[in-house]
Amino acid sequence: MTDLLRPWQVADAWAMGLALDEARRAVLTADVPVGAVVIGPGGEVVGRGRNVREARADPTGHAEILALRSASENLGRWRLDDCTLVVTLEPCLMCAGATVLARIPRLVLGAWDPKAGACGSQWDVVRDRRLNHRVEVVGGVRAEECGLLLQRFFEAQRD
């Protein structure tokens, strides 16, 4: 018997492929390869981002922040309460906070970040009961690909 993927699993894997494309572009500017996309209510890409901290000398130049900004600009609103954020690496504290503040209802992530992840690994900001909004987290989508991209990047940095 074969395992059949549900439609949302197929859509998540497709969107993660787009986020991986963004992550690969980050390597061109010596940035950590993290990519993100925001999927709109109709299943369309409404925002894209990749790490640009090195390229722009910007400590807030994280993939998720740029994808959320892009989606807000494209949709003409800051409330992204009908969108999904897809990112190759578990968001940090800043990005998890921005996800909550943007009212994102669903976060799809690739690799977990045991050192700095704020969506279940080190902290769980997106599901903190003290906040007025909580985010559904779907983890491990194409995790091996996402993790391998990061692993290869850091191995090259050490060489």
Side-chain angles (χ1 to χ4, degrees), residues 8-9 11-13 15-27 29-40 45-72 75 77-155 157-158:
W8 59 267
Q9 291 171 309
D12 289 350
M16 188 60 72
L18 299 176
L20 278 161
D21 290 342
E22 290 296 323
R24 289 182 194 102
R25 288 185 187 102
V27 175
T29 57
D31 279 285
V32 175
V34 177
V37 294
V38 176
I39 305 300
V45 176
V46 295
R48 294 176 185 267
R50 63 181 166 271
N51 277 3
V52 294
R53 289 188 312 169
E54 298 297 329
R56 297 185 186 170
D58 178 0
T60 67
H62 290 210
E64 302 93 322
I65 299 296
L66 297 176
L68 292 171
R69 284 180 186 157
S70 173
S72 292
L75 295 173
R77 56 190 164 91
W78 67 268
R79 283 186 187 268
L80 303 176
D81 54 4
D82 53 0
C83 297
T84 296
L85 175 61
V86 180
V87 61
T88 58
L89 181 65
E90 179 183 4
C92 68
L93 280 166
M94 175 180 67
C95 295
T99 301
V100 170
L101 293 174
R103 306 300 195 269
I104 292 285
R106 188 164 179 271
L107 167 68
V108 176
L109 63 91
W112 292 96
D113 186 352
K115 291 183 180 180
C119 300
S121 290
Q122 283 292 321
W123 302 276
D124 201 354
V125 172
V126 295
R127 292 178 286 205
D128 191 311
R129 291 179 180 262
R130 295 168 292 187
L131 299 175
N132 65 344
H133 175 75
R134 280 171 283 296
V135 180
E136 173 192 357
V137 177
V138 178
V141 176
R142 296 178 69 169
E144 190 173 329
E145 287 174 78
C146 295
L148 192 57
L149 184 61
L150 288 160
Q151 181 182 344
R152 288 182 178 154
F153 174 80
F154 287 115
E155 283 172 356
Q157 296 296 308
R158 287 189 287 271

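In this structure, Leu150 and Pro33 have side chains that are in contact, with non-hydrogen atoms separated by less than 4.5 Å. Counting heavy atoms from C-beta outward, Leu101 and Trp78 have side chains that stay 4.5 Å or more apart.
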Identify every side-chain donor-acceptor pair in residues 85-92 under 3.5 Å, counting partners at least two apart or on other chains, and give the distances.
from: Thr88; atom 1: OG1; to: Gly35; atom 2: N; distance (Å): 3.1
from: Glu90; atom 1: OE1; to: Asp113; atom 2: N; distance (Å): 2.9
from: Glu90; atom 1: OE1; to: Ser121; atom 2: OG; distance (Å): 2.5
from: Glu90; atom 1: OE2; to: Ala118; atom 2: N; distance (Å): 3.4
from: Glu90; atom 1: OE2; to: Cys119; atom 2: N; distance (Å): 2.9
from: Glu90; atom 1: OE2; to: Gly120; atom 2: N; distance (Å): 3.2
from: Glu90; atom 1: OE2; to: Ser121; atom 2: N; distance (Å): 3.0
from: Glu90; atom 1: OE2; to: Ser121; atom 2: OG; distance (Å): 3.4

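The CD atom of Gln9 sits 13.0 Å away from atom CE of Met16, with the distance rounded to the nearest 0.5 Å. To the nearest 0.5 Å, atoms CG (Leu75) and OG (Ser70) are separated by 9.0 Å.
Gln122 contributes a side-chain N or O that, together with a main-chain N or O of Pro114, makes up a donor-acceptor pair within less than 3.5 Å. Without hydrogens or angle criteria, Arg79 side chain to Asp81 main chain gives no donor-acceptor distance under 3.5 Å. Between the side chain of Asn51 and the backbone N or O of Arg53 there is no donor-acceptor pair closer than 3.5 Å. Side chain of Asp31 to backbone of Ala55: a donor-acceptor contact under 3.5 angstrom is found.
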Exercise for the section: Determine, stepwise, if the pair Ile39 / Val45 fulfils side chain to side chain contact (heavy atoms under 4.5 Å, CB included). Expected result: CA-CA 5 Å; Ile39 305 300; Val45 176; 3.9 Å; yes
Exercise for the section: Would you check, one step at a time, whether the test side chain to side chain contact (heavy atoms under 4.5 Å, CB included) holds for Asp58 with Val52? Expected result: CA-CA 7 Å; Asp58 178 0; Val52 294; 5.6 Å; no
Practice task
Decide yes or no on side chain to side chain contact (heavy atoms under 4.5 Å, CB included) for Val100 and Asp128, but give the supporting numbers first.
Solution key: CA-CA 10 Å; Val100 170; Asp128 191 311; over 6 Å; no
Practice task
May I have the step-by-step check of side chain to side chain contact (heavy atoms under 4.5 Å, CB included) for Arg25 and Asp21, ending in yes or no?
Solution key: CA-CA 7 Å; Arg25 288 185 187 102; Asp21 290 342; 3.9 Å; yes
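The shortest non-hydrogen separation linking Ala111 to Cys146 is N-CB, 3.9 Å. Of all heavy-atom pairs spanning Val27 and Phe153, the tightest one is CG2-CD1, 4.3 Å. Across every non-hydrogen atom of Val108 and Val141, the tightest pair is CG1-CG2, 3.6 Å. Summarising the geometry of Val125 relative to Gly97, their closest heavy-atom pair is CG1-N, 4.2 Å, with the distance given to 0.1 Å. Residues Glu64 and Cys95 come closest through the heavy atom pair OE1-SG, 3.4 Å. Of all heavy-atom pairs spanning Val37 and Ala15, the tightest one is CG2-O, 3.7 Å.
Listed by chain and number, the residues in a side-chain contact (heavy atoms from CB on, under 4.5 Å) with Arg127 are Asp124, Val137 (sequence neighbours excluded). Residues satisfying the side-chain contact (heavy atoms from CB on, under 4.5 Å) criterion with Arg129, sequence neighbours excluded, are absent altogether. Annotation: side-chain contact (heavy atoms from CB on, under 4.5 Å) contacts of Arg69 (sequence neighbours excluded): Thr60, Ile65, Leu66. Residues meeting the side-chain contact (heavy atoms from CB on, under 4.5 Å) test with Ala30, sequence neighbours left out: none.
More than 12 non-hydrogen atoms from other residues, nucleotides or ligands lie less than 6.0 angstrom from CZ of Arg77.
The pair Arg152-Glu155 does not count as a salt bridge, with every side-chain nitrogen at least 4.0 angstrom from each carboxylate oxygen.
Pairs of residues two or more places apart, or lying in two chains, that qualify as side-chain hydrogen bond (donor to acceptor under 3.5 Å, both in side chains) and include a residue from residues 92-111 are Asp12-Arg106.
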